[in-house]
Amino acid sequence: MFSRPRNGETTRHLFVGNCGPAVGLGEQNCLSFLPEAGHPQVIIPNAQASHIFVTFDDVATAEKALKVLKQLPSVATFGRSLVVHYAALKGPDPKPAYGAYIRAEDCGVPGLSLIEDFVDPTEEEEILREVGAGDWELLARRRVRHFGYKFEYEARNVDVSKPIEPMPALVQSLMQRMRAMPGMPALDQLTVNDYPLGVGLSPHIDTHSAFQGAICSLSLAGPTVIEFRRDGVHRALRLPARSLLIMADEARLAWQHYIPHRKSDIVNSIIIPRGHRISLTFRQVWGQPCRCRFPECCDSQQGQLPPTRRALLQGVTFTSQGSVGDVPAPTSIDHSSKPASDCQGTFQQQCAFVQGSSPTQRGPGSASSSSIAQSSDAESLASQQQPLQPRDDSSAAPVGTHASVRQSSDAESLASQQHLSQPGDDSSAAPVSTSGSSPLHGAHQCEPGSPRSLPAGAGCSHRSHQELEGTFVTSMYDAIAPHFSATRFAVWPRVKSFIESLPAGTIVADVGCGNGKYFGVRHDIMVLGSDCSIGLAKVAARRLDPPHASQAARVSLRADVALADGFRLPMRDAACDAVLCIAVLHHISNVPRRLAMLRQLLRVMRPGGRAYVSVWATLQEDPAKTLAKWEPMQASPDPTPTQTSTESAQVVEIPDPPDWAKPSPSEACSAGTHAPQPEDLDVTAAQLQGVRFDEKKQTLVFRRYYHLFEEAELADLVGQVEGAQVEDCFYDKSNWCVVMRKALSEP
Ligand SMILES: O=C(O)CCC(=O)C(=O)O
Ligand SMILES: [Fe+2]
């Protein structure tokens with residue numbers, strides 16, 4: 001985890017020798033002689049170690065601490081002199097986000113309990129043998145088996161009318177012991193999760209309508225740390241092998257649980273290596289609307305639920321024969337059949353992006369640090385990205401609308417034709433698919449952007465701005481929609497306040513609605529969502545009709561979704577009272593097109609109506625956090641004065657490679673698997689243009705196009721739109737926001 005730095009480099013980590021549990025200096029002793037500045041975190045390699053590592057917030061405090069520690073011995077070190085030098089981190093930062101608790105009662109998550117040694121080592125071995133033999137379903141990084149009822153990952157639900165293979169005998173007797181516990185439901189469903197070393201689980205709440213009552217999880221083979229989060233509060237709990245975790249009541253219904261992807265955990269400052277872990281999760285299937293007291297987390301009551309990253313990925317599971325311990329490597333990849341690695345070259349050569357950031361390149365906030373490592377687990381990726389909510393823009397086509405998941409194949413092919421084969425032509429009208437009475441209906445006027453071919457020698461293969469946006473925005477969102485959606489569920493307070501300020505009965509156009517997370521903020525207004533990414537439009541449409549939603553919840557959510565871009569909104573002039581356009585405009589690649597989109601927002605709004613428009617700012621609240629994710633674009637099509645050094649691509653890593661990451665041919669043959677091909681998904685070769693596979697991290701890396709806005713740039717832009725007034729302009733969490741009002745008298 002740490003090594004000696006080369007060339008006398010100074011770091012924020014210190015090696016402290018002649019210290020540690022072996023010499024009677026445990027964590028608490030160490031904290032008594034370590035200086036407080038810089039929040040030192042003690043890391044003990046193992047329980048017998050005679051050295052420790054201490055991590056400080058920054059190099060400066062580590063340097064001061066080094067001087068202090070070198071002056072010891074003192075009483076606190078029992079008279080020992082310490083050997084102190086800088087340490088360099090190898091691989092990902094081991095610092096756990098949250099120190100893990102040992103006892104569930106200490107966690108502060110109501111309804112959580114942990115029973116250690118629920119089974120003994122002999123039972124453990126027998127259970128592993130029993131559940132190990134048979135067919136496994138391979139997910140992106142782990143494999144699963146189900147008994148009693150099958151859990152469908154795409155729907156996040158079970159089909160209660162279709163019982164499957166019953167529980168194995170030994171498991172049944174185990175279940176008797178669980179059922180005898182007070183308040184335990186009649187457990188009848190088992191999911192066995194087989195996690196290879198380093199693999200975790202994305203944050204989720206088990207679907208309320210799918211399962212009722214407490215959920216039990218038995219950890220076998222290896223330990224792990226499970227984390228819980230709710231409303232910004234995080235808690236972590238160590239799960240030793242053979243322990244039974246019980247999530248009941250609030251812990252089960254209102255806290256998300258997840259297991260960070262990593263190879264070791266730090267518990268009481270000691271590094272605990274993980275191993276291969278197999279968990280048995282026991283639940284009682286339900287299949288009815290849930291009426292719990294946590295409607296915001298409840299699929300039956302229209303909670304703002306984050307969809308899982310697997311939701312909507314199509315045709316991606318495959319089965320293999322095998323036994324526990326014999327896990328194929330689902331993250332390996334056969335490059336011969338994938339264009340991803342070629343794409344990287346194409347991308348770099350033709351688009352002249354600079355690979356990686358250097359301190360002299362300008363990124364958000366022009367900060368000089370480029371030292372933040374890319375996140376490699378779903379949790380930290382999600383939390384880093386939550387305040388930044390890109391939506392979408394660009395090409396258009398209709399999607400079925402009105403409270404159901406309608407996947408029009410015409411619409412899909414039209415969409416792909418439009419954004420892939422009409423470079424420079426922004427003005428073609430998009431047909432409208434509506435649900436009769438919806439205002440997503442009727443005449444609409446198309447506002448072309450500024451179609452034009454790129455000047456020769458622009459250094460980019462994209463023939464138009466539309467094509468660039470199609471490739472590096474729309475297609476990107478299509479490809480990553482489920483993952484993206486799973487990381488975008490926080491409702492921004494300022495946007496919420498704007499929505500709350502609207503009178504009841506307001507019709508709001510949510511242009512670039514993404515996963516539709518603002519649909520449920522109010523139940524007395526109508527939201528007409530639209531997005532040009534079919535992947536995101538589908539996720540949003542699914543929100544309108546979740547499985548097992550109660551009738552009341554269905555009726556109370558007044559929203560609709562269309563597949564449409566912001567240049568050709570399928571509404572009549574002045575059909576809406578208000579507009580949301582959150583994190584969309586920064587994906588538009590030149591000024592005329594940004595103006596065209598603003599005019600379109602104004603067109604669909606009634607005089608006096610207000611639009612909330614937000615874009616990413618060059619000025620980032622925490623530049624160090626985001627800089628590493630940006631790659632300045634040196635040549636962009638048709639540069640305009642405002643584009644100087646603010647054109648960027650954001651690197652978006654998908655920590656769980658989507659399931660086209662396939663076993664190598666030998667593994668595929670021996671396991672008898674069907675390896676999914678890129679064509680199994682809605683991903684075209686063009687979509688893969690902005691994607692590369694990072695060998696080292698074993699992740700797919702996507703790039704999205706952004707134009708980052710300078711202060712006042714958005715307000716100036718709005719000021720150029722006839723009939724628009726800037727009512728408010730403010731900075732909010734790394735975004736510039738404008739409330740744009742449509743003048744009462746049309747110019
Ligand atoms: O592995 C575990 O302990 C948790 C599994 C889980 O949360 C699930 O399958 O829903
Ligand atoms: Fe779960």
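Here the structure is a predicted model, which means the values were calculated and not measured. Whatever order the structure lists ligands and atoms in, that order sets their numbers, starting from 1.
- Listed for the Gln256 side chain is no donor-acceptor partner under 3.5 Å among the backbone atoms of Phe228.
- Aromatic ring pairs are classed by plane angle as parallel below 30°, tilted from 30° to 60° and perpendicular above 60°; the pair Tyr153 and His146 is tilted.
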For ligand 1, list every N/O pair with the protein closer than 3.5 Å, one pair per line with the distance.
from	atom 1	to	atom 2	distance (Å)
ligand 1	1 (O)	Tyr195	OH	2.6
ligand 1	1 (O)	Arg277	NH1	3.1
ligand 1	1 (O)	Ser279	OG	2.7
ligand 1	3 (O)	Ser217	OG	2.6
ligand 1	3 (O)	Arg277	NH2	2.8
ligand 1	7 (O)	His204	NE2	3.3
ligand 1	7 (O)	His257	NE2	2.9
ligand 1	9 (O)	Asn193	ND2	3.2
ligand 1	10 (O)	His204	NE2	3.1
ligand 1	10 (O)	Asp206	OD2	3.1
ligand 1	10 (O)	Arg283	NH1	3.4

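- In terms of heavy-atom proximity, Ser217 sits nearest to Ser279 at OG-CB, 4.0 Å.
- Residue Glu125 qualifies as open at atom CD: its count of foreign heavy atoms under 6.0 Å is 12 or below.
- Under a 3.5 Å cut-off, the side chain of Glu152 and the backbone N or O of Asn157 do not form any donor-acceptor pair.
- The aromatic ring centres of Tyr149 and Phe151 sit 6.0 Å or more apart.
- Judged by distance alone, the side chain of Glu124 and the main-chain N or O of Ala221 form a donor-acceptor pair under 3.5 Å.
- Counting all heavy atoms, side chain and backbone alike, Cys513 lies closest to Asp531 at N-OD2, 3.3 Å.
- With contacts defined as side-chain heavy-atom distances shorter than 4.5 Å, the pair Trp255/Pro110 qualifies.
- Inside a sphere of radius 2.8 Å centred on the Fe ion (ligand 2), the protein N/O/S atoms present are His204 NE2, Asp206 OD1, His257 NE2.
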